[in-house]
Amino acid sequence: EVQLVESGGGSVQAGGSLRLSCAASGFNSDNYAIGWFRQAPGKEREGVSCISRSDGSIYVVDSVKGRFTVTSDNAKNTVYLQMNTLKPEDTAVYYCATDLSIPTCMLWRGPDHMDYWGKGTLVTVSS
């Protein structure tokens, strides 16, 4: 079974950086994509970024474009979210997830379509 485990969250001041990791296991092939989502207190879960092992496609939502970068280390089956110039509004629990039906970020769908989720890692940005 697919398992996703996030790590790397923490507390930082505005302007700081964090790198989140998502360790993936249990996939039957390289035909998948992993997305990053976040959920702030009192808000709906929203998509942040996606990276596909299948076709190499990448997606980054406009609100974090230029500050967040998604990469992967296929040898380690790990996806990273490098977050720079963090703002208080980036405070949220960050999750990685995968939609087994869509292995590309070109057709990335919302959180309701994800099949597997990690437990999340908390990022707190203070002003």
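As the structure is a computational prediction, the values presented were derived from the model and not from experiment. As a basis for the values below, the full set of heavy atoms in this structure was taken, side chains included, without hydrogen atoms, waters or symmetry mates.
A salt bridge links D62 and K65; the closest N-O separation between the charged side-chain nitrogens and carboxylate oxygens is under 4.0 Å.
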Discussion item. Using the rule given for side chain to side chain contact (heavy atoms under 4.5 Å, CB included), can you reason through V64 versus S49, listing the C-alpha separation, both sets of side-chain angles and the distance that settles it, and then say yes or no?
Written reply: CA-CA 9 Å; V64 305; S49 186; 5.9 Å; no
Worksheet item: When you look at E46 and V61, which way does the side chain to side chain contact (heavy atoms under 4.5 Å, CB included) test go after all the steps?
Response: CA-CA 9 Å; E46 63 172 351; V61 71; 5.9 Å; no
Discussion item. If you apply the rule side chain to side chain contact (heavy atoms under 4.5 Å, CB included), what do you find for S101 with R109, and how did you get there?
Written reply: CA-CA 10 Å; S101 301; R109 302 188 289 179; 3.9 Å; yes
Practice prompt. Could you walk me through whether D90 and R67 pass side chain to side chain contact (heavy atoms under 4.5 Å, CB included), step by step?
Written response: CA-CA 11 Å; D90 294 319; R67 299 190 298 121; 2.7 Å; yes
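Counting heavy atoms from C-beta on, the side chains of L20 and V123 come closer than 4.5 Å. Two residues are said to be in side-chain contact when any heavy atoms from C-beta on lie closer than 4.5 Å; T121 and S7 fail this criterion. A heavy-atom distance below 4.5 Å is found between the side chains of L100 and F27.
Heavy-atom neighbours of Q13 CD from other residues, nucleotides or ligands within 6.0 Å: at or below the threshold of 12. Within a 6.0 Å radius of CG in N28, other residues, nucleotides and ligands contribute 12 heavy atoms or fewer.
Among T98, N77, V79, I34, the single residue meeting the side chain to side chain contact (heavy atoms under 4.5 Å, CB included) criterion with R53 is N77.
Shortest non-hydrogen contact noted between G9 and L18 is C-CD1, 4.5 Å. Contact detail for W108 and I102: the closest heavy-atom pair is N-CG2, 4.5 Å. Contact detail for N84 and S17: the closest heavy-atom pair is OD1-OG, 3.0 Å. Nearest heavy-atom pair across S54 and N31 is OG-OD1, 2.7 Å.
Atoms CZ and CG, from R45 and D112 in turn, are 9.5 Å apart once rounded to the nearest 0.5 Å. Annotation: the span from T104 atom OG1 to Y32 atom OH amounts to 14.0 Å, rounded to 0.5 Å. The line from SG of C96 to CD1 of I51 is 12.5 Å long, rounded to the nearest 0.5 Å. Residue S127 holds its OG atom at 13.5 Å from NZ of K87, rounded to the nearest 0.5 Å.
Under the 4.5 Å side-chain contact rule for hydrophobic residues, M114 and L107 do not share a cluster. Both Y59 and M83 belong to a single network of hydrophobic side chains, linked directly or stepwise wherever heavy atoms of I, L, V, M, F, W or Y lie under 4.5 Å apart. Residue L122 is grouped with residue L81 when hydrophobic side chains (ILVMFWY) are merged at heavy-atom distances under 4.5 angstrom, including chains of intermediate members.
For the pair S52 (side chain) and P103 (backbone), a donor-acceptor distance under 3.5 Å is present. No donor-acceptor pair closer than 3.5 Å links the side chain of S21 to the backbone N or O of Y80. Side chain of E6 to main chain of K119: a donor-acceptor pair is present (N/O by atom type, distance under 3.5 Å, no hydrogens or angles). T91 places a side-chain N or O within donor-acceptor distance of the main-chain N or O of V125, the cut-off being under 3.5 Å.
The list of disulfide bond (SG atoms under 2.5 Å apart) pairs with a residue in residues 39-74, not counting sequence neighbours, reads C50-C105.
Ring pair W117/F37: centre-to-centre distance below 6.0 Å.
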